[in-house]
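Residue numbers run from 1 in the order of the sequence given.
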Amino acid sequence: MTGVLNVSPAPIFRPFSSHKLSRNNRILLVKSMAQSSDSSNGSTSVSTQEEPNSSFSPPPNFKPPKPKPFTPRGDKILDILGASLALIFRLGTGALVSGYSASFVPKNEVPSDQYALEIAGFKVKESSNIGPRPEKPIEIYEFERRNSPVSSLTLLGMEHLGISSAARFVGRLNYSFDLFSFLFFQIIKDVNLLQVREIVAILDLDVLYYPCPRNGPNFRPKVGQMGGKQQFPYMVDPNTGVSMYESDEIIKYLVGKYGDGNVPLMLSLGLFTTLTAGFAMIGRMGKGSSYKPSKLPPKPLELWAYEPSPFCKVVREVLVELELPHILHSCARGSPKRQVLYERVGHFQVPYLEDPNTGVQMFESADIVEYIQATYAR
């Protein structure tokens with residue numbers, strides 16, 4: 001498995017170049033982290049193997065929780081249910097790696113040191129057909145956009161209310177048309193962001209995400225400087241020097257360079273793709289779209305996750321809101337990285353967070369969200 005991924009304990013992530021950004025006349029430096037060494041023990045305690053940055057530390061008396069598969073915390077059930085709509089409306093797009101196949105085999109046919117899902121005394125033997133692997137992670141500037149009709153209505157304004165009775169009918173028609181057009185194009189923008197995240201999961205790519213929430217002071221301006229406009233998503237491939245806007249073009253590029261050249265069906269159905277992706281976002285309206293003041297760490301966090309998982313989605317939302325750069329190790333079903341994580345910590349479950357700034361390594365989405373907020377929110 002690791003041969004397929006070409007995984008090695010040597011550093012594979014290139015350092016971020018420093019960028020001077022206008023925010024209290026500070027120079028914000030973000031450097032990528034080297035891949036941490038493999039570990040076969042099952043410890044989930046605080047680790048210092050990454051030489052944590054002294055300016056960041058875990059919350060007082062912090063202890064990473066023990067992993068509890070498929071057990072949402074009671075106060076987070078509604079969040080998980082809302083984030084689960086994508087699985088339903090998008091028919092699981094992004095849950096399986098390209099070329100996925102599976103078969104049930106007797107439990108004793110799978111070595112104990114190999115990851116495999118166990119069901120009713122059998123184990124699921126999974127495989128996939130992934131393309132060439134990029135040496136350095138793809139860089140994507142985007143955010144978890146979730147617009148609500150109410151907020152969109154506010155943005156449009158209520159200028160048609162209170163007009164004279166003679167013009168009221170025409171005003172309502174114009175307003176309805178404006179509202180429909182506004183909402184339709186906002187949905188399309190959201191769909192563009194979602195589709196790129198889905199193709200990342202399908203192609204099993206590692207991506208360095210630079211969050212660009214609304215009013216974000218750090219990476220939104222950077223996109224404008226690099227590409228000439230603040231439009232999202234924006235992709236940079238450090239392996240080839242290619243950079244581009246437009247989700248359709250990004251998807252075509254990624255499948256051509258790191259896949260089999262074919263755009264998956266659920267990403268190429270036009271209006272159907274737009275509608276299903278729009279409905280998938282209803283459950284988490286407004287989450288991950290607006291900046292919340294935060295302390296920018298010197299190294300990006302690392303998150304093992306994949307797009308359709310509702311547990312992973314709520315963690316990604318808070319990372320985006322706090323504008324925290326993070327390396328996403330995508331590991332949908334069929335990904336060889338499931339075995340890599342299994343060997344490192346003796347267990348597979350996502351989301352799994354590694355924070356090189358504090359040395360924390362932990363499972364459990366609700367606890368991860370609270371840890372991130374306690375450590376990085378201002």
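- Annotation: salt bridge (Lys or Arg N to Asp or Glu O under 4.0 Å) contacts involving residues 75-103, sequence neighbours excluded, comprise Arg73-Asp75, Asp79-Arg284, Arg90-Glu198.
- Judged by a 6.0 Å distance limit and a 45° cone about the ring axis, Arg220 is not positioned over the six-membered ring of Tyr141.
- In the model, Tyr258 has no side-chain atom that pairs as donor or acceptor with a side-chain atom of Asp204 under 3.5 Å.
- Looking only at atom types and distance, the side chain of Tyr253 has a donor-acceptor partner in the side chain of Thr240 under 3.5 Å away.
- In this structure Asn239 satisfies the side chain to side chain donor-acceptor pair (under 3.5 Å) test together with Asp237, sequence neighbours excluded.
- Checked by atom type, the side-chain pair Arg378/Ser294 shows no donor-acceptor distance below 3.5 Å.
- In Lys68, the NZ atom is crowded: over 12 heavy atoms of neighbouring residues, nucleotides or ligands sit closer than 6.0 Å.
- In this structure, a donor-acceptor pair under 3.5 Å is absent between the side chains of Glu302 and His326.
- Taking Ser101 as the reference, Ser127 meet the side chain to side chain donor-acceptor pair (under 3.5 Å) condition, with sequence neighbours excluded.
- Applying the ring pair (Phe, Tyr, Trp, His ring centres under 6.0 Å) test to every pair with at least one member in residues 103-133, sequence neighbours left out, gives these pairs: Tyr115-Phe348.
- With sequence neighbours excluded, the residues forming a side chain to side chain donor-acceptor pair (under 3.5 Å) with Glu246 are Gln231, listed by chain and number.
- Using a cut-off of 4.0 Å between Lys/Arg side-chain N and Asp/Glu carboxylate O, Glu142 and Arg197 are scored as salt-bridged.
- Looking at Ser335 and Tyr306, their side chains never bring a donor and an acceptor atom within 3.5 Å of each other.
- At a threshold of 4.0 Å, the pair Glu354-Arg344 counts as salt-bridged, since one of the basic side-chain nitrogens sits closer than that to a carboxylate oxygen.
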Pairs under 3.5 angstrom only: tabulate donor-acceptor contacts from the side chains of residues 259-269 to other protein residues two or more places apart or in another chain.
residue : atom : partner : partner atom : Å
Asp260  : OD1  : Asn262  : N            : 2.9
Ser268  : OG   : Pro264  : O            : 3.2
Ser268  : OG   : Leu265  : O            : 3.1

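- Between Gln349 and Pro67, the shortest heavy-atom contact is OE1-CB, 3.4 Å.
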